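Whatever order the structure lists them in is the order used to number ligands and atoms, beginning at 1. These figures come from a predicted structure and were not determined experimentally.
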Amino acid sequence: MKCVLMHKKIPAAYLELDSETGYILKIYEVCRPEHLPVGVGFKKGIADRAALNEWWTDRAIPASRSGIHEAMEVLKIHDTKTLLTRCFGLSLSDQYWIKPDKSDVKWEAINFFDNPFSDDIGDVLFGNSNKTNGFDFSSPDNTSDGCLKKRWKIIDGKRCLVKGGSKPFQQQPFNEAIASLICQRLEIPHVDYSVIWSGDEPYSVCEDFVSSETELIGAWRVIQTRKKDNSVSVYRHYVNCCEALGVKNIERFLDRMIVLDYIIANEDRHFNNFGLLRNAETLEWIGAAPIFDSGTSLGYDSLTVQIANNKTAQCKPFKKSHIDQLKLATSFEWVDFEKLYGIEDDIKEILSSENAEKYIDEQRKNAIAQSVANRIEIVHRMAAVMENTIVDDVKNDVEENIAEDYLKEVDAHTLDM
Ligand SMILES: Nc1ncnc2c1ncn2[C@@H]1O[C@H](COP(=O)(O)OP(=O)(O)OP(=O)(O)O)[C@@H](O)[C@H]1O
Ligand SMILES: [Mg+2]
């Protein structure tokens, strides 16, 4: 299928797309190279097709998405990539889409920011569809990333992402709300998450932080813009890439992200869980995207006894150990520790919402609240000796960008039982 890669209203390139496999077979012409996805190389009039395919296939629902095999059976598809072309590849996180050649369909008429979308795909992904055919595929759920069960919903006129947790504790929705609370107290720009219930299951809900003018460029795309020298740390490479793009002082945001992630022992801040915002038409950089997706934290899949002093928690994206990553923070001056006093009670309240006791008992609740208090204390001590702590070298750098695979986790739990 011949089509145009559109960036909002701007044609960026003409492509040949295999609608069976969802693969880009050929790039005929690049008309606006500056509007190609960030990090897709363009040299001597030729765009890097492999990189463009990587970007395009990353738009599809990952094979590791919870419940995706059942959903694919219902939809009678073999590969989630085939869903991309069924909704013009439109998303609620950026402004790229695919227009069939010679079609006169307009962005204004089809984008999901201003137009309603179907609930069909979301219903299938949540396992509560009563349709077996005749699905309306016009949904941003076809282009949503991440492993947890999720769907977009229009709630009170606002585009919201509703996201579940993983077995056995379903802790991620609560963790998102706890991370929001910490961000709020420390005035860290963040997406506000709250916990909602559907039947017996908790979900987090947050508003879309992208508008019809802006878009999220994941840090993974940002670090594709330059070659990383082996002597440069992962952290410094990200800072250098931001600077080269014209985003100054990203360290200020990274300090906040690193401190939050230390306090909540975040295990999954991979390079698609933070990034930059830009204006999709002018390509002007707005700055760091607000903090989102902080749920894979607070010992979400650990036994209660392991939570209190969780020294084994994985760390991403810069260092393998949380304490090494904390040492990258350039300043703690902005952390108003007084604002965090008594936060344990608010954390316990979040963990007491509606049916929470089905998943999180009193001991677990206390362990989670105590672990936050302990880690705040460590940051406090670190802040006191700040001058001697900044260490930015390649030692213990994270080598790969891999998102947490909950299916693997669930399998491991099942095997343990
Ligand atoms: N509020 C939001 N507004 C716009 N886009 C969002 C928002 N929240 C998430 N996204 C986009 O959706 C993607 C998936 O969401 P999220 O990271 O919360 O899911 P996840 O399943 O927890 O991911 P992971 O695989 O990292 O565990 C994000 O990488 C981001 O591109
Ligand atoms: Mg994510």
task: Test Tyr238 against Phe274 for ring-ring contact (aromatic ring centres under 6.0 Å, His included), laying out the working first.
output: CA-CA 11 Å; Tyr238 184 65; Phe274 66 108; 5.2 Å; yes

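- When distances from the Mg ion (ligand 2) to the N, O or S atoms of Asp293 are compared, OD2 comes out shortest.
- On a distance-only criterion, Phe209 and ligand 1 share at least one N/O pair closer than 3.5 Å.
- Judged by distance alone, the side chains of Arg252 and Ser331 never bring a donor and an acceptor atom under 3.5 Å apart.
- Other residues, nucleotides and ligands contribute at most 12 non-hydrogen atoms within 6.0 Å of the CD atom of Glu187.
- Within the model, atoms CZ of Arg236 and CD of Glu251 stand 5.5 Å from one another, a figure rounded to the nearest 0.5 Å.
- Partner of His7 under the side-chain hydrogen bond (donor to acceptor under 3.5 Å, both in side chains) criterion, chosen from Glu215, Arg32, Gln95: Glu215.
- Closest heavy-atom approach to atom 27 (O) of ligand 1 within the set Asp192, Asp268, Asn272: this belongs to Asp268.
- Using 4.0 Å as the threshold, Glu207 has a heavy atom nearer than that to some atom of ligand 1.
- Residue-ligand proximity, Asn273 to ligand 1, at heavy-atom distances under 4.0 Å covers atoms 17 (O), 26 (O).
- Looking at heavy atoms from C-beta onward, Val379 lies in side-chain contact with Val259 at the 4.5 angstrom threshold.
- For Arg159 and Trp152, the positive end is not near the middle of the six-membered ring at less than 6.0 Å and at most 45° from its axis.
- Note: an N/O pair closer than 3.5 Å links Asp208 and ligand 1 by distance alone.
- The shell of residues lying under 4.0 angstrom from ligand 1, judged by heavy atoms, excludes Phe274.
- For ligand 1, the polar-atom distance check finds no N/O of Tyr193 at less than 3.5 Å from any of the ligand's N/O atoms.
- Ligand 1 places these atoms under 4.0 Å from at least one heavy atom of Cys206: 1 (N).
- Here is the list of ligand 1 atoms found below 4.0 Å of a heavy atom in Lys163: 16 (P), 18 (O), 19 (O), 20 (P), 22 (O).
- Residue contacts with ligand 1 do not include Ser144, since none of its heavy atoms lies under 4.0 Å from the ligand.
- For the pair Lys149 and Phe126, the cation sits on the ring face: its NZ or CZ lies under 6.0 Å from the ring centre, inside 45° of the axis.
- Residue contacts with ligand 1 for Trp220 are absent, since no atom lies close enough (heavy atoms, distance under 4.0 Å).
- Contact analysis puts His270 in contact with ligand 1, with a non-hydrogen atom separation below 4.0 angstrom.
- The closest non-hydrogen atom to atom 25 (O) of ligand 1, taken over Gly218, Cys147, Ser66, Pro290, comes from Cys147.
- Proximity of Leu148 to ligand 1, defined as any heavy-atom pair under 4.0 Å, is shared by backbone and side chain alike.
- Cation-pi geometry between Lys319 and Tyr235 is not met at under 6.0 angstrom from the ring centre and within 45 degrees of the axis.
- Between the side chains of Asn366 and Gln370, no donor N or O sits under 3.5 Å from an acceptor N or O.
- The Mg ion (ligand 2) has an N, O or S atom of Asn273 inside 2.8 Å of it.
- Geometrically, Arg59 does not engage Tyr96 in a cation-pi contact defined by less than 6.0 Å to the ring centre and at most 45° from the axis.
- Interface atoms of ligand 1 facing Leu216, defined by a heavy-atom separation under 4.0 Å, are 30 (C), 31 (O).
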